[in-house]
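Remarks on the structure that follows.
Throughout, protein chains are lettered first and strands after them, A, B, ... in sequence-line order, and every chain is numbered starting at 1.
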Amino acid sequence: MDKTYQPGAIEQHWYQTWEQNGYFQPGGSGDPYCIMIPPPNVTGSLHMGHGFNNAVMDCLIRWRRMQGHNTLWQMGTDHAGIATQMVVERQLGAQGVTRHDLGREKFLEKIWEWKAQSGGAITGQLRRLGSSLDWSRERFTMDPGLSNAVREVFVRLHEEGLIYRGKRLVNWDPVLHTAISDLEVENIDTRGHLWHFRYPLVDGAQTLDGRDYLVVATTRPETMLGDTAVAVHPQDERYRDLIGKTVRLPLVGREIPVIADDYVDPAFGSGCVKITPAHDFNDYAVGKRHNLPLVNVLTSDAKIRAQAEAFDWQGALAMDVDTHLPEAYRGDDRLEARAKIVADLEALGLVEKIEPHALKVPQGDRSGAVVEPFLTDQWYVRVAPLAKTAIAAVESGAIRFVPQQYENMYFAWMRDLQDWCISRQLWWGHRIPAWYDNAGNVYVGRDEAEVRRKHQLAPDIALHQDEDVLDTWFSSALWTFSTLGWPEDTPELRTFHPTSVLVTGFDIIFFWVARMIMMTMHFIKDQGGSPQVPFKTVYVHGLVRDSEGQKMSKSKGNVLDPLDIVDGIGLEELIAKRTSGMMQPKLADQIAKRTRREFPEGIAAHGTDALRFTFLWLASTGRDIKFDLGRLEGNRNFCNKIWNAARYVLMNAEGQDCGAGEDAEFQLSLADRWIISRLQRAEREITEALEGFRFDHAAQALYEFVWSDYCDWYLELSKPVLWDEAASEALKAGTRRTLVRVLEALLRLAHPFMPFLSEEIWQRVKTLAGKAGDTLMLQPWPEANAGRIDSDAEADIAWIQRVILGVRNIRGEMNIAPGRKLPVYLRGGDATDRARLEANRGFLQRLANLEAIHWLDTGADAPVSATALAGQLEIHVPMAGLIDRDAELARLDRETRKLEQEISRLEGKLSNTKFVDNAPPEVVDREREKAAVATDALHRLAAQRERIARLGS
RNA sequence: GGGUGGUUAGCUCAGUUGGGAGAGCGACGGCCUUACAAGCCGUAGGUCACAGGUUCGACCCCUGUACCACCCACCA
């Protein structure tokens, strides 16, 4: 074995071996255990969030697989409609071509080409992370099978009246030219203005204070072109008499009514609100109540139309509305139009005032464009009935969120859910299975033939399919069952559904998790006909942030590719990667500067195992992760520690009697029994932590057991045995046996966290440990055996540790060279101390580097010494020639001060009668015992101090 | 406006039936001791955000405040 751990040398080899041998496929004989991967964008690439997410899933899957479960980790990718289409459009754009130049068919060919070309990137990266996904069952949301499921769901929901088509206000992205759902809109805090305009009253009407106009305030002046009313509050005395009168819309000239509606807050502004039903969601609701016409003044590019369109609430053109628009704004973008309109109104003396005003501007999360409320025909899912079942599933505990606080978020959103707009005016995605005849009738069916059959349409009636595609999340919502073969009744569906746990970030709870629950429970029933949940547990993890706590994003230039941490990357290359494709050179400079500051020497190769272990250690509940290179490096060192521990074990065990055979003769030492006992505790702790999704606790328990117990103590304790020529062969065999078997067990414990390293080493130790098998992946998970917890051995070793620590403390504090062998006198101990000394003299001498240990009965004279205490036992290191008197006095004073503080705290407590009377007796006893021990120690140190102080004076 | 989470050592974070405040990294001192200098040994460092309350006893439970982060929401 190499002297240091070289991750690059082993990782790829083992992954190929595992995959080629089919170890990732289901196979265990135990209960099914299934995780569905949140499908990454097929053309995307891995970021730190994926790295984290997959480390968690792979840890769970490998653990459960070792436990013997019939384990499936379903692989698949998502077509990611908007995101993918945008990438390809941008590529075409660079050549000066638009998708419209190509036409739909050719454009889709281009996307499929792009998918074929780049679609392997992320799957390759997932392999590098060690993810034990079942690649043989890989799916893609636009596969024939999954597309079939999508059509089936759409048709059935439509038949049940849960999908409908309607003309409504939607969030319209004027850059992408598509509707988007509420969730895809981000409201950005913006400093804008509140414009107060005067709308002249018609026919000489006047306000109470004698004005011949009403003042309305708006943040969006340009929409006034589409106003169809001015609303006041019905109880507002100021305007009561004006209700039913009209005002003349400036610039346009239309007469619009003054209406009364509770929506208006009389205390805000003038108490009058302009109503634009076609361009504002609130106004839309008001308009509907009052049957106002909807006047659309914008094109799909968010420019002012040549002529407005007016609709009634049946979606028909309203012929009686004047749709004339002023010539001056035609074709202007809304912001240009806004400026002109304000200027024109100002010229007419109709601007009352302009105030600064903070508002939220809606922005498309993909394009960044300002989203317009826009009147279009779209398809919707009626969610209320679906939500009801989905809420009940979480209320009843059929689905559990970890951490639980996310259930509140889920409930709050689900209980106030608007219908889901599922149609998108894109080309890349599942085409909506609806057909139109020339009369405008709509027919929904699985295909055109079915539509014709079902509606008995003659062959000569022309049909054309709806041009739109479905929201990507529509197909994602079916993920848990579409990947298992639904609508067919497959063995996989029966075996693995409901799945066990969903591992995901909180950011897609609404996009994905909630919709999966709704769709799954509607379509998948158990044998009794009750709705089946898609998963029993949702484990929600936080975001991976950079070292400053910033969200990682391409535009900030702080993204990290997990593989750059695995393989390492030079500074210049990292900068080049982060600044590539930057539009603004200035930004690129900043990013370069920042990157130089954060990674002055680039990033060293740390290996997959160290990265995964770091993610898992940092995966505490309900908290984002600030990614910390120091932590990563520490864990890389941990990998090296395991590697070198294995080297030591192999050097001492290979070719030697390791007590493996049936009739092997071996004897277990105290240290052997101790480490076996500690192993049981570690096994229990790690298993319990995993059961509770506490990967951080599991990782820490593993780390501590391996480093502190196994390496720091046990390996050191094994040396005196193995190197002692006088030790019996049976004892040596027992030690070798324990070294090897505990190592083998801890490799199994480590495997879900560090699959590559553990497998590599396991292959070398398995035979020595009496194990057989082709892979660690399929070895049984270690189960703690309470019968092997040995409290006596633990107490004995704790005693040894205390004595050694006492000597080491003196040595360290007094600057005595570690190589110098010391004599030590033990005094004041009882029979147990003496027995422990005699049984473990060799261990003490070796680990504390002592030349001799002398036992003194209580009261006997000890040489002038530096002294440490192990309980009542005094450890004396003679000072002659070694120890400076003043230094030792100072050290004793420090120890004394600590003891005095503790005693004073304890005495205070014990002299408080309320404490003594009220606290449980065992608590009081414990405090008394502590006080007695500390007082005894204090007395001994005081006597010692006095003796040394007398020396020099 | 409503809601959630956070505030513990210089940094990153653990710490639930309320009863001695921990880890990693960093710092300081000493060591190439035959597994590991990606290491070993030792040491220092914290009125657990703040203010009240409950309790014999609070990092932990309750109330309030401050600051940070996030989610949701129709105030023109």
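- Checking side-chain atoms of A/Asn644 against main-chain N and O of A/Lys3 turns up a donor-acceptor pair under 3.5 Å.
- Set against B/rA38, B/rC13, B/rA35, the side chain of A/Asn640 has B/rA38 as its closest nucleotide.
- In this structure, A/Phe268 places its CZ atom 15 Å from P of B/rG1, rounding to the nearest Å.
- No side-chain N or O of A/Ser718 forms a donor-acceptor pair with one of A/Glu716 less than 3.5 Å apart.
- A/Arg220 comes within 4.0 angstrom of no nucleic acid atom, judged by non-hydrogen atoms across all strands.
- Contact check on A/Arg334 versus A/Glu372 returns a salt bridge, with a Lys/Arg side-chain nitrogen under 4.0 Å from an Asp/Glu carboxylate oxygen.
- More than 12 heavy atoms of other residues, nucleotides or ligands lie within 6.0 Å of CZ in A/Arg415, so this atom counts as buried by the packing criterion.
- Of the possible donor and acceptor atoms, one in the side chain of A/Thr223 sits under 3.5 Å from a partner among the backbone N and O of A/Arg220.
- Atom CD of A/Glu548 and atom P of B/rC13 are 13 Å apart (whole Å).
- Salt bridge status for A/Lys909 with A/Glu927: present, with a side-chain N to carboxylate O gap under 4.0 Å.
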Mind listing the N/O atom pairs, protein and nucleotides 40-44 of chain B, below 3.5 Å?
unit_1, atom_1, unit_2, atom_2, d
B/rC40, OP1, A/Lys641, NZ, 2.8
B/rC40, OP1, A/Trp707, NE1, 2.7
B/rU43, OP1, A/Asn809, ND2, 2.9

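- Distance CZ (A/Phe506) to P (B/rG5): 14 Å, rounded to an integer number of Å.
- Closest to the A/Glu927 side chain, of the nucleotides B/rA35, B/rG20, B/rG15, is B/rG20.
- Comparing the P positions of B/rC48 and B/rG52 gives an interatomic distance of 14 Å, to the nearest angstrom.
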Between protein and nucleic acid, restricted to nucleotides 61-63 of chain B and to nitrogen or oxygen atoms under 3.5 Å apart, what atom pairs and distances do you find?
none

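- Of the candidates B/rA23, B/rA76, B/rU33, the closest approach to any side-chain atom of A/Pro818 belongs to B/rU33.
- Close to B/rC75, at under 4.0 Å from its OP1 or OP2, lies no side-chain N or O of A/His357.
- Between A/Asp546 atom CG and B/rA69 atom P the separation is 14 Å, expressed in whole Å.
- Applying a 4.0 Å cut-off to non-hydrogen atoms, the residues of residues 404-413 of chain A that approach RNA chain B are A/Gln405, listed by residue number.
- Distance from the side chain of A/Trp723 is smallest for B/rA35 among the nucleotides B/rA38, B/rC13, B/rA35.
- No engagement by A/Lys274 is indicated, since no non-hydrogen atom pair under 4.0 Å with the nucleic acid exists.
- In terms of modelled atom types and a separation under 3.5 Å, the side chain of A/Asp265 and the main chain of A/Gly271 share no donor-acceptor contact.
- Which of B/rA69, B/rG15, B/rG39 sits closest to the side chain of A/Arg545 comes down to B/rA69.
- Under the 4.0 Å criterion applied to side-chain N and carboxylate O atoms, A/Arg820 and A/Glu851 are not assigned as salt-bridge partners.
- Where A/Asn652 and A/Gly630 each meet RNA chain B at their nearest nucleotide, the meeting point lying more 5' is that of A/Gly630.
- Taking atom CG of residue A/Asp236 and atom P of nucleotide B/rC75, one finds them 21 Å apart after rounding to whole Å.
- Ring orientation note: the planes of A/Phe638 and A/Phe613 are tilted relative to one another, at an angle of 30° to 60°.
- Separating the OH atom of A/Tyr648 from the P atom of B/rA38 is a distance of 22 Å, rounded to the nearest angstrom.
- Cation-pi check for A/Lys641 over A/Tyr5 is not met; the charged atom does not lie both under 6.0 angstrom from the ring centroid and within 45 degrees of its normal.
- Among the protein residues, A/Arg694 comes within range of the sugar-phosphate backbone only, with heavy atoms under 4.0 Å from sugar or phosphate atoms but none that close to a base.
- A/Phe627 comes within contact range of no nucleotide atom at all, as no heavy-atom separation falls under 4.0 Å.
- Residue A/Thr4 places none of its side-chain N or O atoms closer than 4.0 Å to OP1 or OP2 of B/rA38.
- The side chain of A/His697 places no N or O atom within less than 4.0 Å of a non-bridging phosphate oxygen (OP1 or OP2) of B/rA23.
- For A/Trp617, counting side-chain heavy atoms from C-beta on, the closest listed nucleotide (B/rC74, B/rA23, B/rC72) is B/rA23.
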Check nucleotides 9-12 of chain B against the protein and report each pair of N or O atoms closer than 3.5 Å, with its distance, or say if there are none.
unit_1, atom_1, unit_2, atom_2, d
B/rU12, OP1, A/Lys626, NZ, 3.0
B/rU12, O2, A/Arg631, NH1, 2.8

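- Within 4.0 Å (heavy atoms only), A/His606 reaches no atom of the nucleic acid at all.
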Check nucleotides 53-57 of chain B against the protein and report each pair of N or O atoms closer than 3.5 Å, with its distance, or say if there are none.
unit_1, atom_1, unit_2, atom_2, d
B/rC56, O4', A/Lys914, O, 3.4
B/rC56, O4', A/Asn918, ND2, 3.3
B/rC56, O2', A/Asn912, ND2, 3.3

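- Relative to the six-membered ring of A/Trp713, A/Arg802 misses at least one condition, a distance below 6.0 Å or an angle of at most 45° to the axis.
- Under the ring pair (Phe, Tyr, Trp, His ring centres under 6.0 Å) test applied with A/Phe52, the options A/Phe627, A/Phe615, A/Phe695 reduce to a single match, A/Phe615.
- Screening A/Leu739, A/Val742, A/Asp709 for a side-chain contact (heavy atoms from CB on, under 4.5 Å) with A/Tyr714, the sole residue that qualifies is A/Leu739.
- A donor and an acceptor atom, one from each side chain of A/Arg891 and A/Asn809, are located under 3.5 Å apart.
- Listed pair A/Lys551 / B/rC70 fails the phosphate criterion, with no side-chain N or O lying under 4.0 Å from OP1 or OP2.
- Looking only at distances, no side-chain donor or acceptor of A/Thr276 sits under 3.5 Å from a matching main-chain atom of A/His279.
- Going from atom CD of A/Gln418 over to atom C1' of B/rC72 covers 13 Å, rounded to whole Å.
- Residues A/Asp236 and A/Arg238 come closest through the heavy atom pair OD2-NH2, 2.9 Å.
- No option in A/Glu355, A/Lys353, A/Glu352 other than A/Glu355 meets the side-chain hydrogen bond (donor to acceptor under 3.5 Å, both in side chains) test with A/His196.
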**Asked** How would RNA chain B look in dot-bracket form, 5' to 3', counting Watson-Crick and G-U wobble pairs with both distances under 3.5 Å and writing | for bases paired to another strand?
**Response** (((((((..((((.....[..)))).(((((.......))))).....(((((..]....))))))))))))....
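- Put simply, the side chain of A/Trp617 never gets that close to the backbone of A/Leu632: no donor and acceptor are under 3.5 Å apart.
- In this structure, the nucleotide among B/rG19, B/rA23, B/rA35 sitting nearest to the side chain of A/Lys719 is B/rA35.
- Separating the CG atom of A/Asn635 from the P atom of B/rG39 is a distance of 12 Å, rounded to the nearest angstrom.
- Between the side chain of A/Arg811 and the backbone N or O of A/Ala817, at least one donor-acceptor pair lies under 3.5 Å.
- Of the possible polar contacts, one joining the A/Glu184 side chain to the A/Ser181 backbone as a donor-acceptor pair under 3.5 Å is found.
- With respect to A/Asp546 and A/Lys626, no salt bridge is recorded, no charged nitrogen being found less than 4.0 Å from a carboxylate O.
- Comparing the C1' positions of B/rA38 and B/rA44 gives an interatomic distance of 25 Å, to the nearest angstrom.
- For A/Tyr263, whose side chain is taken as the heavy atoms from C-beta onward, the closest listed nucleotide among B/rA35, B/rG24, B/rC75 is B/rC75.
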